[in-house]
Amino acid sequence: MKNTVFKKNIKRFASAALAGQMLLLTLTGCHINKPAGDFNTTGGYPWICSDLQENMTPDLELSKVDDFHLYVNYDWASKAVIPEGYSGYGVHTMVYEETMEKATAVLTDDTLEGHDAELIQSFYNNFLDWETRDAIGVAPAQAKVDEILSISSIEEYSEFMCDPERTRLVPSLLAYGNDVDLYDTDSYVSWLSYGGFILGDAAEYKKRTEQGDRYYEGLLSLHQSMLGRFGYSKDEAKKMFDEVIDFEAKVAEVSLTSADQMSVDIYDKIYNVYTLEELKDLAPNLPLEELAINFGYGETKQIIVTEPEQLARLNELYTEENLEALKAYTLVRYLRVMSRWLDKEAFDANLSAANIIYGSEGKQPYEQYAFSFVREYLSTPMDKAYLECYDCTETKERITKVCEDVIDSYREVIANEDWLSEETKKTAIEKLDNIKINAVYPDKWIDFSDLDFTGLTLVESVEAMDDFYLALDVKNTNGTVDPDIWFADILEPNAYYNPSDNSISIILGLLSDPYYYDGISDEELYGGIGMAIGHEVSHAFDTNGAQFDKDGNYNFWWTDDDYEAFTKRAQRLIDYFNKMEAWKGQPIIGENIQTEAIADMGGMKAVLNIVDDIDGFDYDKFFTAYSISWREIESRESAYDIITQDPHPLNYLRVNAVVQQFQEFYDTYGVKEGDGMYLAPEDRVAVW
Ligand SMILES: [Zn+2]
């Protein structure tokens with residue numbers, strides 16, 4: 001889906017904060033279960049990493065005052081099994097499984113009527129119809145493979161790239177798309193971006209990491225398998241794949257890395273305004289005007305070029321000399337997309353590549369992949385059909401109320417911070433008053449009535465969606481944003497803060513046991529979902545949130561002195577985490593996880609502020625519920641990726657390093673100096 005893929009790239013830039021602030025890891029990439037080999041994961045400091053099952057040995061002494069996460073979760077973690085096709089297993093997978101079971105009932109109930117049910121069931125059934133898919137084989141991709149390989153000049157390549165009909169399902173070297181304007185969040189603006197790096201991060205082309213090696217190996221094997229289906233040898237496929245890597249290395253030299261995209265000043269760097277006319281001067285070799293006109297963006301008033309230097313480099317590389325590399329770039333990506341939609345052999349090759357990349361083994365039942373694709377491509381019809389079958393109005397009311405209570409509590413938290421000036425407090429409280437609560441599900445939806453799969457094969461259905469999403473996006477050119485439509489897949493087990501419209505989204509997919517069930521106690525409600533809400537609200541006031549005002553416009557609103565005080569407090573927290581090791585020789589990287597750790601601690605402070613007023617509140621039950629909500633076992637590869645790439649701390653740290661900041665925890669369990677969970681009051685690092 002060129003357009004949706006493109007939009008995701010844009011989101012990665014325009015709302016790096018948004019992507020980074022997901023409460024959870026996505027489950028669909030799916031996780032790992034590999035022996036750790038000669039890797040020693042023991043010797044963590046100050047606690048052992050209880051996210052790793054191999055650390056759950058029988059000789060461990062359990063004590064709530066020494067290692068709270070281990071104490072609560074040891075029995076579960078010792079016995080839990082990571083399912084095939086996953087690299088980890090925990091509460092969020094269980095929550096997802098419950099949603100999946102209910103959604104599968106919707107997808108397989110042939111008595112359901114209406115356009116939404118028709119769309120999702122048709123796509124789901126077509127995906128699982130292996131008999132038909134295997135009978136057609138790779139034929140649906142043959143013409144496109146031949147067409148790409150027969151391109152004999154750069155002009156022909158341009159003609160191909162600029163033709164929406166011919167490039168259905170072909171990821172483009174460059175693509176336009178509309179997204180919210182950073183400086184005026186009521187309006188859409190067009191963005192132009194590169195199709196993205198095959199190894200995931202420009203940094204991998206400068207200094208390859210363990211993760212880059214896995215991407216290279218996994219995607220090369222996929223390309224060899226796919227191209228082999230069209231009569232090409234493994235050597236030919238490798239040559240083509242390496243050509244893409246060499247080409248991308250030249251682009252990567254002048255591109256932002258994932259780390260750059262996390263930096264505080266990223267928005268200034270990526271907001272470069274051009275007209276179509278001006279683009280011709282910046283990159284005269286590239287057919288940017290034709291691309292815009294043919295795809296429907298010709299009338300756009302302004303285009304944001306996220307990386308002008310990168311575009312200039314692509315312009316330099318857009319020559320006859322690099323024609324084979326450009327063709328290879330297009331073909332490698334196209335075959336990767338098609339491996340999802342062709343026959344079982346192709347799809348299994350895709351899964352094998354994912355296993356290499358994520359370190360997982362085996363595969364999930366095909367129905368689970370079918371459901372995750374329905375969510376990815378048809379989330380609106382899926383959500384609507386789901387809500388028709390399961391009434392969630394009461395849940396929506398209750399969750400909205402908890403969101404309001406947590407926001408009210410933050411008013412007090414902010415008002416009581418003695419290191420903040422009255423001026424910043426006032427703007428912060430205005431921002432708090434303006435937070436939009438997206439609870440459970442939206443009341444307004446994108447219209448899917450123009451999409452129709454009648455009589456279409458799986459590949460044809462995906463092509464129809466490609467056209468549909470392109471038309472949907474083009475309609476937004478120079479247009480205004482409808483604030484009542486959320487671009488969320490509400491069945492995802494997640495929650496997030498979006499700085500570009502100052503909203504928190506606490507969506508349906510997260511609201512299963514233990515986060516939410518009929519008759520849930522206050523302790524469990526606040527220990528789980530209350531903490532998640534508190535976490536998200538905190539993002540309105542962190543390093544990223546400081547840059548977006550109450551309306552979501554890019555507009556730094558802290559006073560310099562207050563922001564400096566905030567940064568100093570954050571530095572203490574970074575230094576605290578930097579002293580830790582997940583296992584011997586593997587340090588925790590405080591810089592990576594500062595905003596998420598600050599959010600966890602801020603959330604705990606806001607929630608404690610609420611529950612302190614509840615008569616007879618059982619703090620043991622509350623802290624235990626919080627610890628259970630971060631119950632998960634990971635493969636070693638997955639834990640390594642989280643430490644090095646993820647802005648969230650590992651689960652055991654999300655519990656232990658958070659609860660030890662608060663006196664209520666010490667009072668509940670009698671934690672004293674010398675205990676593993678003890679931190680002297682003057683050494684505590686919560687920013688809020
Ligand atoms: Zn977060």
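Note that ligands are numbered from 1 as they come in the structure, with each ligand's atoms numbered from 1 the same way.
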Does Asp482 have any salt bridge (Lys or Arg N to Asp or Glu O under 4.0 Å) partners at least two apart in sequence or in another chain, and if so, which? Lys444
The Zn ion (ligand 1) to nearest N/O/S of Glu536 below 2.8 Å: no
Tyr271 and Tyr554 aromatic centres sub-6.0 Å: no
Decide if the gap between the ring center of Tyr441 and the ring center of Tyr386 is smaller than 6.0 angstrom. no
With a cut-off of 6.0 Å (strictly less than), are more than 12 heavy atoms of other residues, nucleotides or ligands near NZ of Lys436? yes
To the nearest 10 degrees, calculate the angle at the Zn ion (ligand 1) involving NE2 of His535 and NE2 of His539. 100°
The Zn ion (ligand 1) -> Glu596, closest N, O or S atom is OE1
